[in-house]
Amino acid sequence: MQRRIRPYGDKTDDGVIQMSFTLPVPAGPRAREAARLLLEREMGMKDVKIASMEGIATDYTYFVAYASTQASLDYDAVDVPIVKTPNYGFTGVNQRIESELKRHIIVVGGNNGFDSHTVGIDAIINMKGFSGDYGLERYPWFRAFNLGAQLKDDEFLDRAVEVNADAVLVSKVVTQRDIHKEDALGLIQRAKDRGLRDRFIFVIGGPRLTHKEGLEWGFDAGFGPGTKPSDVASYLADEVIRRARGRQR
Amino acid sequence: MQRRIRPYGDKTDDGVIQMSFTLPVPAGPRAREAARLLLEREMGMKDVKIASMEGIATDYTYFVAYASTQASLDYDAVDVPIVKTPNYGFTGVNQRIESELKRHIIVVGGNNGFDSHTVGIDAIINMKGFSGDYGLERYPWFRAFNLGAQLKDDEFLDRAVEVNADAVLVSKVVTQRDIHKEDALGLIQRAKDRGLRDRFIFVIGGPRLTHKEGLEWGFDAGFGPGTKPSDVASYLADEVIRRARGRQR
Amino acid sequence: MATLPLDHDKVADCRHLARGIAANVQQYIDGHTTVAVERTVLRLLGVDGTGEHGAPLANLLVETLHKAGVLGKGAAWWMGRCFRLGMDSPTTMALELPRLLAAGDRGVPPLSAEDEQALQDDVAALARDAVEELGRRREHRKALRRSLGIGPDPQKYIIVATGNIHEDAVQARAAAQAGAQIIAVIRSTAQSLLDYVPQGATTEGFGGTYATQENFRIMREALDDESRKLGRYIQLTNYSSGLCMPEIAYMAAHERLDMLLNDSMYGILFRDINMRRTFIDQYFSRRIVAHAGIIINTGEDNYLTTADAVDKGHTVLTSQFINEALAHLAGMKDSQLGLGHAHEIDPWLEDSWLLELAMAQLVRQVFPAHPIKFMPPTKHMTGDIFWSHVYDAMFNLATVATRQSIQLAGVMTEAMHTPLMMDRYAAIKSVNYIFNAARHLGEEIEFKRGGIIDQRARLVLDRAHAELQHVSRAGLMDAIGEGVFADTRRKLDGGKGHDGVVQRDAGYFNPFLSLLTPAAEPY
Amino acid sequence: MATLPLDHDKVADCRHLARGIAANVQQYIDGHTTVAVERTVLRLLGVDGTGEHGAPLANLLVETLHKAGVLGKGAAWWMGRCFRLGMDSPTTMALELPRLLAAGDRGVPPLSAEDEQALQDDVAALARDAVEELGRRREHRKALRRSLGIGPDPQKYIIVATGNIHEDAVQARAAAQAGAQIIAVIRSTAQSLLDYVPQGATTEGFGGTYATQENFRIMREALDDESRKLGRYIQLTNYSSGLCMPEIAYMAAHERLDMLLNDSMYGILFRDINMRRTFIDQYFSRRIVAHAGIIINTGEDNYLTTADAVDKGHTVLTSQFINEALAHLAGMKDSQLGLGHAHEIDPWLEDSWLLELAMAQLVRQVFPAHPIKFMPPTKHMTGDIFWSHVYDAMFNLATVATRQSIQLAGVMTEAMHTPLMMDRYAAIKSVNYIFNAARHLGEEIEFKRGGIIDQRARLVLDRAHAELQHVSRAGLMDAIGEGVFADTRRKLDGGKGHDGVVQRDAGYFNPFLSLLTPAAEPY
Ligand code: B12
Ligand code: B12
Ligand SMILES: Cc1ncc(COP(=O)(O)O)c(C=O)c1O
Ligand SMILES: Cc1ncc(COP(=O)(O)O)c(C=O)c1O
């Protein structure tokens, strides 16, 4: 079934969106017209309303605008991979591991490259956890090692080997000039070069990440903003159990 | 000379614009992907970043996004009519009328239709004026009649005839469903029907108006937000003088 | 606790002066009626539906009486007379009356004293039923409201305005989910000048949705449902204003609205409605509202859109005293008087926010028992929605710091359009954040004696006092003629709707004037 | 005037404890030097430019001495030694030294006491010139600053961060035009871990622009020009932080920067730089800064990004006392200590804004003569830029209400990217509006004794006092090991740059240690 959707302003399908942007020209009637033409003629919008025009520097003008986009989308055709594991909760995860895997799950986590943001990975791993949800360190059936930030790829992988990890958790926060992508691809490449890619479950997370990107970059999963430790624990429990079963067969 | 411009985020020609909009779907990975696709695939933007996704009602999700538009514009080809009169200032205008026209300029002003906003026309006509710039009532060489709001077209035109006005000043503030346009066209049509269109200079003004629109709708000029009474006085002085000279010849 | 030292004697004198001013106006009111009042009487008596060309029957009947010059006896009397003449349906009356009236004594013969009494008794019985029904509906509201609770002050009041009542309901539910406590359905732009109330559910309007009885019902139903879901009673408000002020008050009472925008002077000043007409209409509308336990919101906030908020801040207070006095004369309780004021001082003035605090605090203290309504900045809002959103944030903080009762949430797109769904959400989110993050600010700070805030509050009170003395000398109607309020002048016999004003005959009959007693316990 | 009753004895005891803690660390510092300190000495002595592979000559020379294990005598001594050996250009030294050092006594024969004295005299003369030049540059800045004026507190501080110094200059001018008083050029993400300072003008960086001497010069030149145009002196700041802390302090002093981010512990906690290295480096950097009349901004604000601002608010105060004590030991005046703190309490907590006021007011009162720097919310900012903008607005109000000295303008896109030109404009516009509209709020209100604000301030001071007692018992280095600050633990010999720490020889020579006297009048 086709279900085309459009932005909703205050009427179904009115297509209204709000925009703000800067043009490298001085403020004036011509700048206003340029802003209008940009949206209407060049970007195909209708009912363009320039709400505000303000000169914000010599030769730069800032606009706020509302307009109606003509674009629409078949929502039912939007297909996006999602992490399918339900959230079993702290107790559920532990029970599952205890009854189905019967051994601890071991993970290492950290942030490679020059990225020194640790709060995200701390939220997942450290006792305290995130917004009331305990971190992996608190799970009796997990053994988690938080390696911190600014890790060299080899250091990271060495530790994973050393503790015989099931999974490698990577946090990427700084995204300028796609440095997070570069760092992420670099780590996976290094793991491949060392023949370690298939030994570990590779999980990536961060505020600008999606599961889809994680998969595209060669990880097994990706977690975005607002992730709870129990989301990750549930996923890891399922995945480690699945792989263990695979091996048994 | 061609000078193509694009929005400026923090680098020349990066094309970055900020957007916010609502989609009629519940929040989740699929909604996020739909928002991204809308901007990227349907609207042709690059580097789409969904900054925020929030469910704001059953089945409605609100997004903030940044993306880079690929559209650009030849700024030198942007052509917009502007009111060409310079601002002569209070004294300048009066001197000009005194020396070149040698009689008072008479204007009537008001707001027709159901629109009851008078602050805009008051700002132009009343003594006090607008942000330190005196209103037409204060000009010794103007005689200005403020007719208020909610005027019927015939009432408005009758008064113009009665005082033998040079100009009719119309304010339009409410723009919902283009009611301002309807009211504006209605007045001009009525003037035409009564053979009065060419007798008066018709000037329109309001917060969502441009000179261009004024012309398109059959007025002699249009004034937008931030107009000062002296802008209008200067324009009227020039225009009345120009027409007076035309008649003499 | 943030309080200002208040000159209580001066406040008392202001009230005293306002009572005198109101009494004067009331004298005029008591000798007159209007087409709108009489239509309301008919509606209360059960006249509903439309006749020829879709015009409401109430309008057709009153128009007929008015044209015939006999409205001074009161529509209620004529209804009774029609009963005696054997007509029992309003439709018949609308069809027959013109002919009978044209025929004079032959069409409508004089009555014996006995018949006259019987006539009045019949109608009074009907009227009693009507008033009791309103009472029952008030009690129904009260029960719902008490069982679910309405949440803490400042009450979050937010507007919806799509033009389509069904779309409005969707947006109202969304607003309630986001935290709104009161939903206002903004009325279509031109409605206040219509001398009739449209009929039925409507789906088209100009920047607002027509106020119709059916629309009221639809929205209240949606909110009752949402209230139960949220476990929080969501209030509903609309406009009892314009040329149909009392009729809408009746419909609102009937459909269990909780509040109404209702002002003794707004229509005069901002809609150029005749002042006599407005004064008479506001009185009867308030009689209904007093009985129905509805809270009114007055419109003084609007003054600061045409007059400067620094120079004319005191006219807001002046007018609030007058609105209060007039409302008291209609039997309203202080707890029903949501006197309005607004945050409209030029934001780029140094210490402008301190001046806003002064005014808000003053109004709060002068009217301590009143559900004061604080209106957001509008005039100085701009198309720069980011800045405008911050400006609203400062308003939000002023609201909670001075413990206002009701706050209309300012929306960042004020200078552009009536709110989109996302604009409204952003507005409520900002209010939620600030009310919570500064919840006890008002209890934590003191204002410096003799400081900017204190001095400003004194000045405003002094000026209001002087203004009331002036109005009391000039009389309210002449003062309006001078442009005392909103920098706007209006003539005694100018403006719309003047021809709908009618002098009461000696035998004027309106049973509701005695029946509509104030609710002892409105909520 | 909004003030809190302050337990002055407790504050005095905090200072006393901090002095003891600092003295302890200083003992360690005084016995050591680092590669960064020695590079700085060389730069002061005129070593500039690059050698092989584009590495700075200062690095090549110090690396050579360090590898040879002779850096403990001080690079200044070695420079003098090279002079005696007939080398007069750093390039020659860099080429020749390795060979000579490898040859031991044959390459570098021992000196007579007389020659040793002559060596030190030569170098000291050069050093005196260098220090005098810095003094002249300080006076130049002072003259500009005094003639144009810097505008009122809170000073508006705003960042630019395009990566391209020329584009930065455009944006800095725009910010100044919009009202900014201080421009901070954010540094490329990875630079703090580089053990050298890049050379020349740069046009590529990761979310920031490399701190190079040439970049400093370009930006200061642009701001000098803009300052004259605006008739207002615009200040410039950068980072004296990371592995090149003292070198950058020197460059900044030379290029007339006005401020520097410079903290005694930031690198340890947030960049995992070795703590010994950092303590030694910060000392020498502050000696320069004290002389050059530069204001530093410390980094306690960062603690609240990793630790909770309610639970660990007191660690900010604890650290400020320590930063102050260490800076005093380096000769800095209170008027140069822009101690940092931040607005980072979970905004959705009830009365969170009152808690922010408490902390800001407390810091203001404990450090009355210091140009306190208030940092905006970062951790709880979200991609909902409308809400985030409001959150920043509340921060702006807290700033002006508690009379902070310097305010970093919060930008609504904090959770997204370094500011676009329009983001920055929106941020400054909001600050301009609020600082002006509530200019005298701080003088107009009092805080209730025993209220939420008062109690919170007491609690924070009490806890800071207890924490200082603990740190004083444990020693600062061990306390860091326990995770007292920022919920982050660091090991004594862990972290980056530890191998750049060198014990001073008995004959360690560094003429600047005596020459870099504090500026009597910094501005
Ligand atoms: C805290 C912080 C810091 C702290 C970091 C302290 C530390 N030890 O981590 C300090 C102050 C040191 C800091 C420094 C800098 N920062 Co910083 N910082 C932030 C800030 C304010 C909050 C980030 C945060 O902690 N969020 C809270 C956590 C819990 O959220 P999260 O990371 O998204 O994690 C959640 C999910 O994403 C997910 N997740 C994250 N990782 C992982 C991993 C796995 C495996 C899984 C399953 C899930 C997962 O789960 C978590 C819980 O839900 C952001 C701005 C903001 N509000 O977002 C800027 C920000 C990230 N910083 C930024 C920058 C540029 C810097 C600096 C480079 C600035 C400079 N030039 O000086 C420096 C240097 C840092 C560096 N090189 O890495 C930019 C990045 C811009 C970009 N998009 O690239 C931001 C966005 C600020 C900005 N607008 O400029 N920063
Ligand atoms: C003041 C005001 C009112 C006052 C009007 C009082 C009065 N006597 O004018 C009151 C409170 C009565 C009012 C009522 C309503 N208002 Co009103 N009001 C405003 C407000 C806050 C300010 C407008 C204003 O006065 N601006 C100041 C003047 C000086 O600016 P200006 O009009 O742009 O004029 C300048 C220029 O445009 C130009 N100009 C204007 N006219 C002319 C004419 C000529 C000839 C020339 C040369 C120049 C010129 O020069 C002026 C000086 O620079 C705006 C919101 C906003 N901030 O803009 C809403 C606004 C205009 N109102 C609005 C609405 C919907 C209403 C109501 C219908 C609401 C309702 N349903 O109840 C009612 C009814 C009014 C009606 N039917 O017309 C909407 C309109 C939406 C739209 N785009 O269509 C707005 C935008 C608010 C909103 N977001 O909903 N309003
Ligand atoms: C009391 C009152 N009535 C009515 C209105 C709305 O205007 P109208 O319905 O006349 O368009 C307002 C606007 O704020 C008001 O305050
Ligand atoms: C003192 C100090 N140094 C440096 C930085 C910047 O971090 P880095 O240069 O290490 O990336 C900050 C960040 O706020 C700081 O406060």
Side-chain angles (χ1 to χ4, degrees), chain A residues 3 5-10 12-13 15-25 28-39 41-45 47 49-53 60 62-65 69-75 77-83 175 178 208 210-212 224-225, chain B residues 3 5-10 12-13 15-25 28-39 41-45 47 49-53 60 62-65 69-75 77-83 175 178 208 210-212 224-225:
Chain A
R3 189 184 147 215
I5 58 167
R6 296 180 61 199
Y8 178 103
D10 75 344
T12 304
D13 285 342
V16 176
I17 68 176
Q18 171 273 327
M19 281 160 290
S20 69
F21 54 90
T22 303
L23 291 182
V25 296
R30 192 156 171 214
R32 183 187 292 270
E33 179 68 2
R36 204 184 62 71
L37 286 174
L38 184 78
L39 302 184
R41 195 181 63 197
E42 309 296 336
M43 296 175 67
M45 308 211 186
D47 277 336
K49 297 197 177 77
I50 304 297
S52 160
M53 169 176 76
Y60 289 91
Y62 154 66
F63 297 90
V64 174
T69 176
Q70 301 306 293
S72 68
L73 193 87
D74 177 2
Y75 192 59
V78 173
D79 190 27
V80 63
I82 53 168
V83 177
T175 59
D178 278 344
R208 307 249 73 80
T210 59
H211 182 51
K212 187 166 172 237
Chain B
R3 190 183 146 214
I5 58 167
R6 298 180 61 197
Y8 177 103
D10 74 344
T12 304
D13 285 341
V16 175
I17 69 178
Q18 171 274 327
M19 282 160 288
S20 70
F21 54 89
T22 303
L23 291 181
V25 295
R30 194 159 171 211
R32 183 188 290 271
E33 178 69 1
R36 205 184 62 72
L37 285 174
L38 184 78
L39 302 185
R41 196 181 62 199
E42 308 297 334
M43 295 176 68
M45 306 208 189
D47 275 336
K49 297 195 177 77
I50 304 298
S52 161
M53 169 176 76
Y60 290 90
Y62 155 65
F63 297 90
V64 175
T69 176
Q70 302 305 295
S72 68
L73 193 88
D74 176 3
Y75 192 59
V78 173
D79 190 24
V80 64
I82 53 168
V83 177
T175 58
D178 277 342
R208 306 250 73 80
T210 59
H211 182 52
K212 187 166 173 237

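By convention in this document, chain letters (A, B, ...) are assigned in the order of the sequence lines, proteins followed by strands, and residues within each chain are numbered from 1. Remember, predicted model here, so these are calculated numbers, not experimental data.
When each of B:Met45, B:Arg41, B:Met19 is scored by its heavy-atom pairs under 4.5 Å with chain A, the top score falls to B:Met19. For the set A:Val25, A:Asp178, A:Val16, the count of heavy-atom pairs under 4.5 angstrom toward chain B peaks at A:Val25. When each of A:Ala31, A:Gly28, A:Gly224, A:Gly44 is checked for heavy-atom pairs under 4.5 Å with chain B, A:Ala31 comes out on top. Here B:Tyr8 is the residue among B:Phe63, B:Tyr8, B:Tyr60 with the most heavy-atom pairs under 4.5 Å with chain A.
With 3.5 Å as the limit, one finds a donor-acceptor pair spanning the side chains of A:Gln18 and B:Gln18.
Looking only at side-chain heavy atoms (C-beta outward), A:Leu38 and B:Pro7 come within less than 4.5 Å of each other.
Rounding to the nearest 0.5 angstrom, the gap separating the CG atom in A:Leu23 from the CZ atom in B:Arg6 is 11.5 Å. Between the CG atom of B:Asp74 and the CG atom of A:Leu37 there is a distance of 11.0 Å, given to the nearest 0.5 Å. Rounding to the nearest 0.5 Å gives a distance of 12.0 Å between CD1 of A:Ile82 and CD of B:Glu33.
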- Derivation of the side-chain contact (heavy atoms from CB on, under 4.5 Å) call for B:Ile17 and A:Met43: CA-CA 12 Å; B:Ile17 69 178; A:Met43 296 175 67; 4.0 Å; yes
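Put simply, the side chain of B:Arg32 never gets that close to the backbone of A:Thr210: no donor and acceptor are under 3.5 Å apart. The main-chain N or O of B:Ile50 is found under 3.5 Å from a side-chain atom of A:Arg208 such that the two form a donor-acceptor pair. Looking at A:Arg30, its side chain does come within 3.5 Å of a backbone N or O of B:Tyr75 through a donor-acceptor pair.
No part of B:Met53 comes within reach of chain A, as not one of its non-hydrogen atoms sits under 4.5 angstrom from that chain. Only the side chain of B:Pro225 comes within contact range of chain A, judged by heavy atoms closer than 4.5 Å. When heavy atoms are compared at a cutoff of 4.5 Å, B:Thr175 does not approach chain A at all. There is no contact between A:Tyr62 and chain B, counting heavy-atom distances below 4.5 Å. Only the side chain of B:Thr69 comes within contact range of chain A, with at least one heavy atom under 4.5 Å from a heavy atom of that chain.
Contact between B:Ala71 and A:Glu42 at its shortest, heavy atoms only, is CB-CB, 3.6 Å.
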